[in-house]
Q: 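Got a structure for you, written out below as structure tokens; questions coming shortly.
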Amino acid sequence: MDFSLVQKEEPLPAGAGVRKTAFIRFPEGHIEYKGGTPDPERPGVKGIRFGLNFWRTGRQQGGWDSWNFLRVTVRFDNRRQEEIISTRLLHDVEILEDSPRRMVRFRWPLEENGEGFLTVTFLQYPNQSGWLLMKVDTSDSAAAIERIALSAYPGQTAGPKERERWAAADSFTFPLQLQSKAKPLTPVPSGLVFFNRQAQQNAGVQLVPDPEALEGMTVSGSYSVNAMLDLAPGTTVFSLALGGYSGEETDEVIRMFAQEGSRNTLEFLRQADWTPFFSPKTFEQLAEILETLLADVGTPEEQAAFSGFSAAYEEAVKQRHSEQIRQALADMRELRALLLARALARLH
């Protein structure tokens, strides 16, 4: 399939909560999530994985981090800081568009009581399939994005001892050091190329952040490479572009990127339209799950509610009204959550 989503939610043994998995496949790679309900005595999601398989070199592990490529730290009104993806179980994931653009959205609850979301949306245009645009958003809450951390393995994960991780920022290149020795980049560059010297020199990854809300950047690495993006206070939306290259001379990639590549990519990023027109697959998958759950644990009133949501969705599609489509799908998800909780309770 050109663009597909497979997701599961299942109970863990002995009443230890639930486990969620999601796998987004697209022609150039995949996005994978795994996580289980946090243990109150051991903070953090069980078995967490949020990996981006993109610009991988052949059968070797490489490119962007296929295990945990993204961390997002938010700051709440009470000044509390928290890294969300590793501490909150994924709330939902859905394909918002599948043709000709591809758009998929992941959401994590910001608070344990379910108020507000950290939303991570990926967007890919058919004429720029070598780039994934990513938007991080907390704008429906009282939390601000404080830091975004990205991880990658340019070339490959494993390599000979002589391999060196390097970065190119605008017109200069430099070797990377461990995070404890890394210094912030001043001024903040318009884009970065991460690559290798001495070995695996014809593949790497590229990063273009929107500098408008970017206050600082630190890059480091030895085994993996890491970019820490510090955002201006109060930032609730931030976007960036993730790319790469393979089978090309690194020096030529760097030269073109410094001359025009990063600037052109930033313009492309800023012109992106993030308003989705929802994929029919989203409704079809929700409807199929709801029909099964309603037959098992539903009531006549809930069946009538589902019929109403379905009718509202169909009308919104006819009118091409994205917000009404979003509301109908939200109502369906709320019903799904209620029915799933009832079905899981029966298992215990």
Q: Do Lys135 and Phe238 have side chains that get closer than 4.5 Å, going by heavy atoms?
A: no
Q: With a 4.0 Å cut-off, would you call Arg197 and Asp251 a salt bridge?
A: yes
Q: For Asn264 and Glu260, does a side-chain donor sit closer than 3.5 Å to a side-chain acceptor?
A: no
Q: So do the side chains of Ser220 and Leu176 get within less than 4.5 Å of each other, counting heavy atoms only?
A: no
Q: Whether Arg147 and Glu215 form a salt bridge (side-chain N of Lys/Arg under 4.0 Å from carboxylate O of Asp/Glu) is what I want to check.
A: no
Q: Salt bridge check, Arg270 against Glu267: does any charged N sit closer than 4.0 Å to a carboxylate O?
A: no
Q: Quick one: do Ser151 and Asp65 satisfy side-chain hydrogen bond (donor to acceptor under 3.5 Å, both in side chains)? Show the steps, please.
A: CA-CA 6 Å; Ser151 172; Asp65 190 337; 2.8 Å; yes
Q: Verify the neighbour count for atom CZ of Arg163: are there more than 12 heavy atoms of other residues, nucleotides or ligands below 6.0 Å?
A: yes
Q: Using ring-ring contact (aromatic ring centres under 6.0 Å, His included) as the criterion, point out the one residue from Trp64, Phe54, Tyr223 that pairs with Tyr153.
A: Tyr223
Q: Below 4.5 Å, heavy atoms only, C-beta onward: do Trp67 and Phe69 meet side chain to side chain?
A: no
Q: For Phe268 and Tyr125: C-alpha separation, side-chain torsions, deciding distance, then whether ring-ring contact (aromatic ring centres under 6.0 Å, His included) applies.
A: CA-CA 10 Å; Phe268 168 56; Tyr125 282 83; 5.5 Å; yes
Q: Determine whether Phe26 and Asn53 make a side-chain contact, defined as any pair of heavy atoms from C-beta on separated by less than 4.5 Å.
A: no
Q: Less than 4.0 Å between a side-chain N and a carboxylate O, is that true for Arg71 and Glu83?
A: no
Q: Do Glu10 and Arg19 sit within salt-bridge range, that is, some charged N less than 4.0 Å from a carboxylate O?
A: no
Q: Looking only at heavy atoms, what is the nearest atom pair of Trp131 and Gln124, with distance?
A: O-CG, 3.7 Å
Q: For the residue pair Thr138 / Thr236, report whether a side-chain donor-acceptor contact shorter than 3.5 Å exists.
A: no
